[in-house]
Number of protein chains: 2
Amino acid sequence: MDRTARHSETRYGNRPTMKDVAARAGVGLKTVSRVVNSEPGVTPDTERRVQEAIAALGFRRNDSARVLRKGRTASIGLVLEDLADPFYGPLSRAVEEVARAHGALLINGSSAEDPEREQELVLALCARRVDGLIVIPAGDDHRYLEPEIKAGIATVFVDRPAGHVDVDMVLSDSFGGAREGVAHLIAHGHRRIGFIGDQPRIHTATERLRGYHVAMRDAGITVEDGWVSLGSTEPERVRAAAEEMLSGPEPVTALFAGNNRVTVTAVRVIAERERPVALVGFDDIELADLLGITVISQDAAAVGRTAAEHLFRRLDGADHATARVELPTTLIPRGSGELPPA
Amino acid sequence: MDRTARHSETRYGNRPTMKDVAARAGVGLKTVSRVVNSEPGVTPDTERRVQEAIAALGFRRNDSARVLRKGRTASIGLVLEDLADPFYGPLSRAVEEVARAHGALLINGSSAEDPEREQELVLALCARRVDGLIVIPAGDDHRYLEPEIKAGIATVFVDRPAGHVDVDMVLSDSFGGAREGVAHLIAHGHRRIGFIGDQPRIHTATERLRGYHVAMRDAGITVEDGWVSLGSTEPERVRAAAEEMLSGPEPVTALFAGNNRVTVTAVRVIAERERPVALVGFDDIELADLLGITVISQDAAAVGRTAAEHLFRRLDGADHATARVELPTTLIPRGSGELPPA
DNA sequence: GTGAAAGCGCTAACAC
DNA sequence: GTGTTAGCGCTTTCAC
């Protein structure tokens, strides 16, 4: 056994290479490659000998080398806020299914709503030369992506727009959804309506707030101080905001919750109080039907699927101008949004 | 511009390489490598020139080449049943956090409970030479992994044991948890208790059923035909099973639901009926507190974290015998499990 | 402090 | 049908 062979058995913890398989089968390297990749031009007999050598040695093609040579990794990156959030599970799964249909794997990362971490993750994925990138942005400046996009990494932004960079986007109609939800409460007699949302640097949070303001204005209602609260979606923060709005001499009679996490805490706070409080939440929630929670629903799986399909269309060569898709939301009345003012 | 240079600008859609950076900065290739990897032995002045060239060209290191040379991908694979299932979101996120702390990325795949798809995914990950693998198995024969493990891919099985292959495992105490839950119902006066679980080829399903049987036996109760139903967790299937158990002259007075999806459907079925039916479910569910659902809770994040920590301990060189960790479950009484028989 | 040369394991191009 | 050679873009080794 010569030096080269010993060497190749050292890397990757002793994995045999095509060269080793070729030696064992008594064929050339390229023939092994042909067999491994099911290319034509190998006689059944040679093929059998190669397969035997593969099985005997426990060979598996090293895709790192393949990728280096081919220039395509057959993988896409998905950067989102938090894989543990029930909104992102179905979204990721939908992306994964589309990727799978295109023979690609999914590399997944959570930004934890931290712009630096988002950038770190995205650039790490670029260094790995993912073929494409789906990003639910945490930050609002994505100029750092420009060289990567120019270099050919297809990119789609989801749920929130990209900052200072021209890419495809798939968004939900946050403004329209919130506006409809708040109008729904107004139609059921409410005028004193509170809005609790996510941090103001998050685009969907301010869009939903804008929907609230427009619905209120359209009804001729002046929004009072203390009816609006944006901030972290930590239960403690949301609870404090809700309790404040529901206390005092002139409490709100209804709440609009800006996302699934806010809704969950709002439901808990309301359940503890004697006087009924109407509620409409943005995003659907598991078991919300049984609890009778009225929501503005967005189809997370559809968002993910749409984004991934756009991405692969780009990878397949589509080079039209960047598009901005906005998916509609649906109001699902289940009781909590139809309660009259107390 | 010679042929080589044109060539290197063709791959990966025109990305500059270290060679291009070196040429532009007027230094050797290795010096660029030193700068990119923050290795010592470069004067501040050379470093600056290299940095300028990097910025000007929009260079980003190609990790495919790095990986090929170094033999480590700094990535781990996670194969689970369904990313969209609320049980796996927190688990994945926990794995991701541990990976991140070790500088690794996460490649994620759903088996959709299909053994073939599991194997396909796992082997694709092996071909990419992930450093480690966390698998929530769909199948029950994992001999196909033997060459990969022997070749050095650290592997941890989670939630369900591996078949015919010696690896680390992190499991929840399905048997103990189910036994406790069923005993709880018995303690509250039930004797006619139904069990609805997942498909019998899934280990946790049969373990939970075993817990049910042992609890019943310990209480001297003979399980009657029609009290047990294993199968798909599709709502239709679960609904039919539940309705059958709750009908007829001698219906069950309580249900034990084998996992989160079964519980959700069981809650819906029970809510439609007049007579109250007691319920204990395996796995906690969002908002279960508000609905008063008694559950056997397992900490999905803890399961993921434990598995990932085991994995990285192996990658850091731990070579003790394979371990089998079993994490405890917790009974959380919230009302539905404490209802007396109707 | 810096750089030239070899080679990681594969595929593309081309010869036989 | 099959094999040989070059090279993907990096890191390693070693010479200067």
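Being a predicted model, the structure only gives us computed values, none of them experimental. Values below: all heavy atoms of this structure, side chains included; hydrogens, waters and symmetry mates excluded. Numbers restart at 1 for each chain; the letters A, B, ... are given by sequence-line order, proteins then strands.
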Take atom [atom1] of [X] and atom [atom2] of [N], then tell me their distance rounded to the nearest Å.
| X | N | atom1 | atom2 | answer |
| --- | --- | --- | --- | --- |
| Arg15(A) | dG9(C) | CZ | P | 11 Å |
| Asp20(B) | dG9(D) | CG | C1' | 10 Å |
| Lys70(B) | dG9(D) | NZ | P | 19 Å |
| Arg128(A) | dG9(D) | CZ | C1' | 16 Å |
| Glu47(B) | dT2(C) | CD | C1' | 14 Å |
| Glu39(A) | dC14(C) | CD | P | 16 Å |
| Ile54(B) | dG9(D) | CD1 | C1' | 14 Å |
| Arg69(A) | dT11(C) | CZ | P | 10 Å |

Please check if any side-chain donor atom of [X] sits under 3.5 Å from a side-chain acceptor atom of [Y], or the reverse.
| X | Y | answer |
| --- | --- | --- |
| Glu118(B) | His142(B) | yes |
| Asp45(A) | Thr43(A) | no |
| Asn62(A) | Arg128(B) | no |

[X] side-chain N/O to [N] phosphate OP1/OP2 under 4.0 Å:
| X | N | result |
| --- | --- | --- |
| Thr43(A) | dG1(D) | no |
| Lys30(A) | dT5(D) | no |
| Asn62(B) | dC8(D) | no |
| Ser33(A) | dT11(C) | yes |
| Lys19(A) | dC10(C) | no |
| Thr46(A) | dG1(D) | no |
| Thr31(A) | dT2(D) | no |

Report task. Could you check which of dT11(D), dC8(D), dT11(C) has an atom nearest any side-chain atom of Leu68(A)? Result -> dC8(D)
Query raised in the report: Counting side-chain heavy atoms from C-beta on, which of dG9(D), dG3(D), dC10(C) comes nearest to Arg66(A)?
Result: dC10(C)
Query raised in the report: Can you say whether the rings of His102(A) and Phe312(A) are parallel (under 30°), tilted (30 to 60°) or perpendicular (over 60°)?
Result: parallel
Requested in this report: Mark yes or no for a side-chain to base donor-acceptor pair under 3.5 Å between Arg61(B) and dG9(D), with no hydrogen or angle criteria applied.
Outcome: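 Between dG9(D) and Arg61(B), which were checked side chain against base, a qualifying N/O pair under 3.5 Å is absent.
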Query raised in the report: Within the modelled atom types, does a donor on one side and an acceptor on the other bring the side chain of Arg34(B) and the base of dG3(C) under 3.5 Å apart?
Result: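 Indeed there is one.
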Query - Whichever of Pro40(A) and Asp63(B) has its nearest DNA chain D nucleotide further upstream toward 5' - result: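 Comparing both residues, the 5'-ward one is Pro40(A).
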Query raised in the report: Is there a side-chain contact between Ser75(B) and Asp131(B), using heavy atoms and a 4.5 Å cut-off?
Result: no
